[in-house]
There are 2 protein chains.
Amino acid sequence: MQLDEAKSKFIQAWGALGSSWGVPRTMAQIHALLLVSPQALTTEEVMEALQISRGNANMSLRNLLDWGLVEKEVHMGERKEFFKAPKDTMYMAKQVAVQRKKRELEPMLRALQEVKEVEGNDKETQEFRSLISDIDGFARQSESMLNLFISSQQNWFMKAIMKLAGKQ
Amino acid sequence: MQLDEAKSKFIQAWGALGSSWGVPRTMAQIHALLLVSPQALTTEEVMEALQISRGNANMSLRNLLDWGLVEKEVHMGERKEFFKAPKDTMYMAKQVAVQRKKRELEPMLRALQEVKEVEGNDKETQEFRSLISDIDGFARQSESMLNLFISSQQNWFMKAIMKLAGKQ
DNA sequence: CTTTATTTTCAAATATTTTTGAAAGTTTAG
DNA sequence: CTAAACTTTCAAAAATATTTGAAAATAAAG
């Protein structure tokens with residue numbers, strides 16, 4: 001397999017992965033493109049490489065900046081902005097963890113808190129409360145786990161988990 | 001807050017959570033509805049409660065069965081099928097882990113394997129190979145972690161991780 | 001076997017999400 | 001200041017995903 005073909009397959013696969021996890025396909029593809037590019041690219045180059053519009057390229061790049069998955073770079077004497085993607089996998093995973101925690105886990109915890117306030121003491125209400133507090137407990141444990149991962153040094157978290165394998 | 005209002009809020013929140021993780025909103029809502037229902041429900045009852053069509057209810061329930069998040073129940077003397085959702089949070093989380101591993105992690109591992117076969121020894125190709133093998137390493141660690149979680153007893157995995165918190 | 005209840009299928013309709021592209025906005029150079 | 005380079009915005013268009021509903025299939029009852 002030639003490098004170009006391999007890059008293209010990787011870009012497709014990364015796009016598909018994003019898509020099935022609720023990340024717009026193009027945004028994931030741009031991320032992949034920047035990951036496999038030796039140098040930082042301009043908006044024009046991203047548009048050209050993925051055959052997408054300026055608006056799309058611009059918005060997707062801005063979102064990737066928000067996610068902390070892409071960084072801007074200024075080149076001396078050049079007016080355009082260049083974009084590059086940090087290639088450290090653990091760093092990427094932590095950025096994604098930070099964002100999804102903020103965007104999905106925290107709103108869910110708030111919703112569970114609200115719904116806990118339900119009135120009544122009949123059996124059905126008690127069972128409802130019990131379900132909600134089970135889910136809430138799990139959500140809080142997940143939050144702690146994510147915090148541990150996010151604030152851990154480099155590969156510590158994954159290594160520590162691998163070590164748990166024998167102990168169960 | 002009244003029980004009905006609380007149930008409805010929970011159903012909405014669960015639907016939104018699913019939606020932002022690539023699970024069809026209605027499928028997640030049906031799951032939530034069954035979680036908060038004291039008894040098993042028929043397709044008719046699901047249609048009525050969520051105001052959705054028969055086709056939608058049927059397909060979503062079938063998918064939930066595939067995911068292992070919903071079970072069929074037969075009632076003596078009744079011809080229709082009844083559906084209920086196991087309310088054990090850890091069990092649910094494990095089912096989701098099994099399915100997402102199969103549907104997204106494994107295809108990604110295969111794609112990475114393919115793309116590793118790239119020919120050439122120039123600097124750019126070497127950097128590409130290095131990126132792919134980093135991502136592959138992380139993906140494999142994730143897979144091991146999921147396997148550990150999936151096959152662990154009850155709450156063992158989460159508890160073990162909580163205990164790691166002080167040790168870093 | 002025939003009738004009726006129930007479930008499944010799937011093409012078409014609808015809804016939602018993503019993408020486009022042109023106009024407006026901003027920044028830098030001269 | 002003015003013009004050119006570049007970026008951002010956003011309404012409309014296109015693409016994609018979801019939902020509908022009626023017809024077909026299946027299963028149970030009589």
Side-chain angles (χ1 to χ4, degrees), chain A residues 11-12 14-34 40-67 69-84 100 103-104, chain B residues 11-12 14-34 40-67 69-84 100 103-104:
Chain A
I11 292 169
Q12 295 315 309
W14 207 243
L17 183 68
S19 187
S20 62
W21 286 86
V23 176
R25 174 173 263 107
T26 309
M27 180 172 146
Q29 286 179 339
I30 294 178
H31 184 223
L33 173 66
L34 294 177
L41 301 182
T42 62
T43 304
E44 291 284 343
E45 289 169 323
V46 170
M47 287 165 62
E48 169 61 21
L50 300 177
Q51 292 293 296
I52 58 174
S53 71
R54 180 174 306 284
N56 191 0
N58 181 267
M59 284 193 115
S60 299
L61 282 165
R62 192 152 52 78
N63 285 329
L64 285 165
L65 290 168
D66 285 350
W67 279 71
L69 293 172
V70 162
E71 292 167 357
K72 278 189 191 179
E73 202 175 80
V74 262
H75 285 192
M76 52 180 187
E78 292 263 29
R79 200 156 148 188
K80 320 181 247 239
E81 292 175 315
F82 289 74
F83 300 91
K84 67 173 181 189
R100 301 222 78 151
R103 289 164 203 239
E104 285 106 30
Chain B
I11 292 169
Q12 295 316 309
W14 208 243
L17 183 69
S19 188
S20 61
W21 286 86
V23 175
R25 173 173 262 106
T26 309
M27 180 172 147
Q29 287 179 338
I30 294 178
H31 183 224
L33 173 67
L34 295 176
L41 302 181
T42 62
T43 304
E44 293 283 344
E45 289 169 323
V46 170
M47 287 164 62
E48 169 61 21
L50 300 178
Q51 291 292 299
I52 58 173
S53 71
R54 180 175 306 285
N56 190 1
N58 181 268
M59 284 192 117
S60 301
L61 283 165
R62 192 152 51 77
N63 284 330
L64 285 165
L65 290 168
D66 285 349
W67 279 71
L69 292 173
V70 161
E71 292 167 358
K72 278 190 190 177
E73 202 175 79
V74 262
H75 284 191
M76 51 178 187
E78 292 264 30
R79 200 154 149 189
K80 316 182 250 241
E81 293 175 314
F82 288 76
F83 300 92
K84 66 173 183 190
R100 301 222 79 150
R103 289 165 202 237
E104 284 107 29

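Keep in mind that what you see is a predicted model, and the values were worked out from it rather than measured.
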Counting just side-chain N and O atoms, does [X] come under 4.0 Å of either OP1 or OP2 of [N]?
X: A:Arg62; N: D:dT9; value: yes
X: A:Arg54; N: C:dT19; value: no
X: A:Asn58; N: D:dT7; value: no

Looking at C:dA29, does its base get a donor-acceptor pair with the side chain of A:Arg79 below 3.5 Å?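 Counting by modelled atom types and ignoring angles, no donor-acceptor contact under 3.5 Å is found here.
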Out of curiosity, A:Trp67 CH2 to A:His31 NE2, how far, rounded to the nearest 0.5 Å?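 If I round to the nearest 0.5 Å, the distance is 11.0 Å.
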For B:Phe83, run the side chain to side chain contact (heavy atoms under 4.5 Å, CB included) check against B:Val46, B:Leu64, B:Thr42, B:Thr43 and tell me which one passes.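 Option passing the side chain to side chain contact (heavy atoms under 4.5 Å, CB included) with B:Phe83: B:Thr43.
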Among B:Gln51, B:Glu45, B:Glu44, the one residue meeting side chain to side chain contact (heavy atoms under 4.5 Å, CB included) with B:Glu48: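 It is B:Gln51; the other options fail the test.
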Starting at [atom1] of [X] and ending at [atom2] of [N], how long is that distance when rounded to a whole Å?
X: B:Glu78; N: C:dT6; atom1: CD; atom2: P; value: 8 Å
X: A:Ile30; N: C:dT19; atom1: CD1; atom2: C1'; value: 11 Å
X: A:Leu64; N: C:dT18; atom1: CG; atom2: C1'; value: 15 Å
X: B:Phe83; N: C:dT6; atom1: CZ; atom2: C1'; value: 11 Å
X: A:Met27; N: D:dT16; atom1: CE; atom2: C1'; value: 18 Å
X: A:Lys80; N: C:dA29; atom1: NZ; atom2: C1'; value: 16 Å
X: A:His75; N: D:dC6; atom1: NE2; atom2: P; value: 14 Å
X: A:Leu61; N: D:dT7; atom1: CG; atom2: P; value: 10 Å

Closest-nucleotide mapping onto DNA chain C: is A:Gly55 or A:Gly22 further toward the 5' terminus? I mean the 5' end.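 First, find each residue's nearest nucleotide; the 5'-ward one identifies A:Gly22.
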Return the 5'-most residue of the pair B:Ser60, A:Met59 with respect to DNA chain D, ranking by each residue's nearest nucleotide.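 Final value for this comparison: A:Met59.
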Closest-nucleotide 5' rank along DNA chain D - winner of A:Lys72 and B:Asn56: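 This one resolves to A:Lys72.
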Which part of the nucleic acid does A:Glu44 contact within heavy-atom distance under 4.0 Å: base, sugar-phosphate only, or nothing?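 Contact class for A:Glu44: none.
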Which residue, A:Asn56, A:Asn63, A:Asn58, forms the side-chain hydrogen bond (donor to acceptor under 3.5 Å, both in side chains) with A:Ser60?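 Testing each of A:Asn56, A:Asn63, A:Asn58 against A:Ser60, the sole residue satisfying side-chain hydrogen bond (donor to acceptor under 3.5 Å, both in side chains) is A:Asn56.
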Any heavy-atom pair between the side chains of B:Lys72 and B:Leu65 that's under 4.5 Å?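 A side-chain contact under 4.5 Å exists here.
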